[in-house]
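Written out below as structure tokens is the structure these notes cover.
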Amino acid sequence: MVRTRFAPSPTGYLHIGGVRTALFNWLFARRHGGQFILRIDDTDQQRNVAESLEPILAGFRWLGIDWDEGPDKEGPHGPYFQSQKLNRYQQAADKLLDAGLAYRDYARPEEIQTEREAAQSAKRDFIYSRRWMAETDRQQAAFEAEDRQSVVRLKMPREGSVVIDDLVRGRVEVQWAREQDHVIQRADGTCLYHLASVVDDYDMQISHVIRAEEHLSNTPRQVFIAQGLGYELPQYAHVPFVAEPGSKNKLSKRKLEKYLKNREFAKIYDHGQRIAERLGLEISADTFNPVIVDFYEQVGYLPDAIINYILLLGWSLDDKTEEFTRDEMIENFSLERVNKAPASFDPQKLTAFQSRYMSRVPADEKVLLVLPYLETAGLIDSPVTDETKAMVGKIVQAAGDRITVSGDILDYADFFTADDELTYDEKAFEKRLRKPPDAAALLADFKEILAAAESFDAESLEKTLKDFVEARGIKIGQIIHALRVAVTGKAQGFGMFETLAILGRERCLVRIEQALK
RNA sequence: GGCCCCAUCGUCUAGCGGUCUAGGACUCCGGCCUUUCACGCCGGCAACACGGGUUCGAGUCCCGUUGGGGUCACCA
């Protein structure tokens with residue numbers, strides 16, 4: 001039975017790199033008819049776990065990555081919070097102690113620090129002297145008499161080596177002597193990540209540990225722990241991390257400032273920011289960051305587009321297939337086809353996937369996607385009337401591919417603002433209405449024609465304008481730009497005739513009149 | 001710095017010894033379409049890090065160099 005897991009610590013946000021790792025775990029489990037477990041690594045949490053966890057769970061739900069066991073989904077191998085398993089880890093630590101594979105260490109932190117610095121200045125690897133190691137009751141008593149406290153350290157072998165057969169990287173051999181005597185339990189009895197992680201993987205019967213490459217160097221000590229506890233080892237697969245745009249550094253949430261210097265990254269961010277502003281969202285650097293999944297949800301990306309893009313960050317099927325439905329991903333995913341080198345996060349390609357996916361969403365579904373943005377921006381009333389819905393439907397239809405993320409609907413806010421509150425883009429107004437000598441006159445004349453037009457649908461309007469142009473012996477460009485600015489306030493938008501039709505006769509006339517003043 | 005990992009167009013990648021004068025996608029650059037902005041369509045630029053081997057034959061295997069990265073906590 002294949003069982004995989006993703007073990008986030010409750011940090012309050014879901015990172016793109018984390019999603020990628022989780023996705024691979026999820027896909028692998030689904031591919032093999034196994035289970036995907038979500039486990040919470042909160043061994044070191046002072047903060048509010050529930051609060052910091054929620055955005056992560058919400059992110060996964062939004063993306064459609066479901067877990068078979070974990071928070072809100074009890075299973076036979078719980079608890080799924082490490083903070084609830086302290087006794088269990090204690091047992092494991094004791095067992096290691098009894099077996100002589102770990103020891104109580106009474107060194108004070110500054111003493112370790114001194115040894116470390118000495119090693120450093122002598123340009124040697126730091127290996128703890130074990131000077132404060134206590135393996136007998138007498139030694140313990142002696143150290144305790146000095147008012148020392150003990151932690152539990154792994155007693156790593158000082159010769160030989162360990163071989164990890166990694167499903168992605170192949171055979172990796174590491175000398176035991178390179179490994180430190182890592183602390184697995186603090187003086188206060190709480191346990192550290194490595195111990196907890198190994199114990200949990202065993203308790204939860206994890207068959208495949210699929211995680212990011214930075215954990216590769218942790219693996220030997222985990223193998224040591226697992227072997228010491230008599231556990232059967234899981235299969236390891238260390239996938240490369242997701243790198244920054246344009247570099248091979250690990251993508252980090254904290255470097256937003258730096259990434260914003262990247263033009264394409266900034267483009268995504270700015271686009272999102274414009275939408276957030278119109279929504280009146282409070283932008284917090286904590287979540288409003290294209291490195292974090294939340295950002296995409298807020299701005300109106302499609303989960304499927306994001307997932308598809310992320311899938312290709314380090315995995316490919318062949319030389320041409322790029323698009324995958326969930327089922328296709330599940331059907332085709334394999335660890336053998338995971339790349340070894342890190343893949344850079346490419347904002348442009350993400351955008352391309354998003355546009356492509358969005359362009360395929362049927363108009364009626366797009367309306368549903370877009371409505372909440374109009375509501376939040378205060379442009380339409382809730383509950384939404386059928387009339388409003390119909391109008392939004394027309395706009396969505398007319399806008400077509402111009403709406404790349406749901407929040408883009410706000411580009412067409414002008415349809416919802418009161419006519420007398422319409423603002424005109426100054427530059428466009430100057431160029432299209434004031435500067436051309438005949439623009440105003442033509443517009444005034446055309447307004448009369450519009451007023452008298454028999455029907456006001458896009459098709460008839462097109463004919464009306466073309467007749468007008470022909471009768472006057474002018475080019476369409478001489479009037480249409482002025483008309484657009486007059487009616488929308490902007491230099492660009494979707495089809496002119498659709499625009500007029502959606503606004504309706506009354507509003508068009510009012511707006512033209514207003515522009516002519 | 002030690003240890004470990006990695007290395008094909010700017011980016012994501014295909015390539016598991018000959019079919020590679022290296023394929024696809026995104027970006028970019030031309031052109032077409034066009035009432036603006038997009039979309040779409042057509043075309044184009046662009047890569048096997050370097051040096052040694054192995055082999056009849058190397059992008060593909062081996063070694064080294066260079067470069068990049070990860071990791072060296074009483075964080076996860």
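Heavy atoms only: backbone and side chains are in, while hydrogens, waters and symmetry mates are out. Below, read A as the first sequence line, B as the second, and so on, with proteins coming before strands; counting in each chain starts at 1.
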Practice item. Determine if A:His215 stacks with B:A76; use a centre-to-centre distance below 5.5 Å and an interplanar angle below 30° as the criteria. Key: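 Ring-base stacking flag set for A:His215 and B:A76.
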
Practice item. Could you tell me whether the phosphate oxygens of B:C5, OP1 or OP2, come under 4.0 Å of any side-chain nitrogen or oxygen in A:Arg171? Key: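 Looking at the OP1 and OP2 atoms of B:C5, neither is under 4.0 Å from any side-chain N or O of A:Arg171.
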
**Study point:** Side-chain N or O of A:Ser316 closer than 4.0 Å to phosphate OP1/OP2 of B:A14
**Key:**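 True: A:Ser316 side-chain N/O within range (under 4.0 Å) of B:A14 OP1/OP2.
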
Practice item. Can you tell me the pairing partner of B:G30 across any strand shown, Watson-Crick or G-U wobble, with both distances under 3.5 angstrom? Key: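 Pair assignment: B:G30 / B:C42.
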
Practice item. Scan A:Ala107 against the nucleic acid and name what it touches under 4.0 Å (heavy atoms): base, sugar-phosphate only, or nothing. Key: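 If one applies the 4.0 Å heavy-atom cut-off, A:Ala107 turns out to touch a base.
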
Check your understanding: Using a cut-off of 4.0 Å on non-hydrogen atoms, how would the nucleic acid contact of A:Arg337 be classed: base, sugar-phosphate, or nothing?
Key ->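 Since only primed, P, OP1 and OP2 atoms lie under 4.0 Å of A:Arg337, the category is sugar-phosphate.
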
Review point. Just wondering, are more than 12 heavy atoms of other shown residues or ligands nearer than 6.0 Å to CD in A:Glu173?
Key: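 Count over threshold, so yes.
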
Point to revise | A:Tyr202, OH: over 12 other non-hydrogen atoms inside 6.0 angstrom | key: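 No - once you tally the heavy atoms of other residues, nucleotides and ligands closer than 6.0 Å, there are 12 at most.
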
Exercise for review: Go through B:G70, B:C6, B:G24 for me and flag the one nearest to the A:Arg169 side chain.
Suggested key: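 Among the listed nucleotides, the one closest to the side chain of A:Arg169 is B:C6.
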
**Study point:** Under-3.5 Å donor-acceptor pair between A:Asn218 side chain and B:A76 base
**Key:**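 Under the 3.5 Å cut-off, the side chain and the base do form a donor-acceptor pair.
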
Check your understanding: Reading nucleotides 27-48 of chain B from the 5' end, what letters show protein touch, with B for base, S for backbone sugar-phosphate only, - for no heavy atom under 4.0 Å?
Key -> S-------BBBBS---------

Point to revise | Within residues 306-324 of chain A or reaching into it, pairs that qualify as salt bridge (charged side-chain N to carboxylate O under 4.0 Å, His left out) - sequence neighbours excluded | key: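 Checked against salt bridge (charged side-chain N to carboxylate O under 4.0 Å, His left out) - neighbours excluded - the pairs reaching residues 306-324 of chain A are A:Glu322-A:Lys349, A:Glu322-A:Arg356, A:Glu323-A:Arg356, A:Glu323-A:Arg360.
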
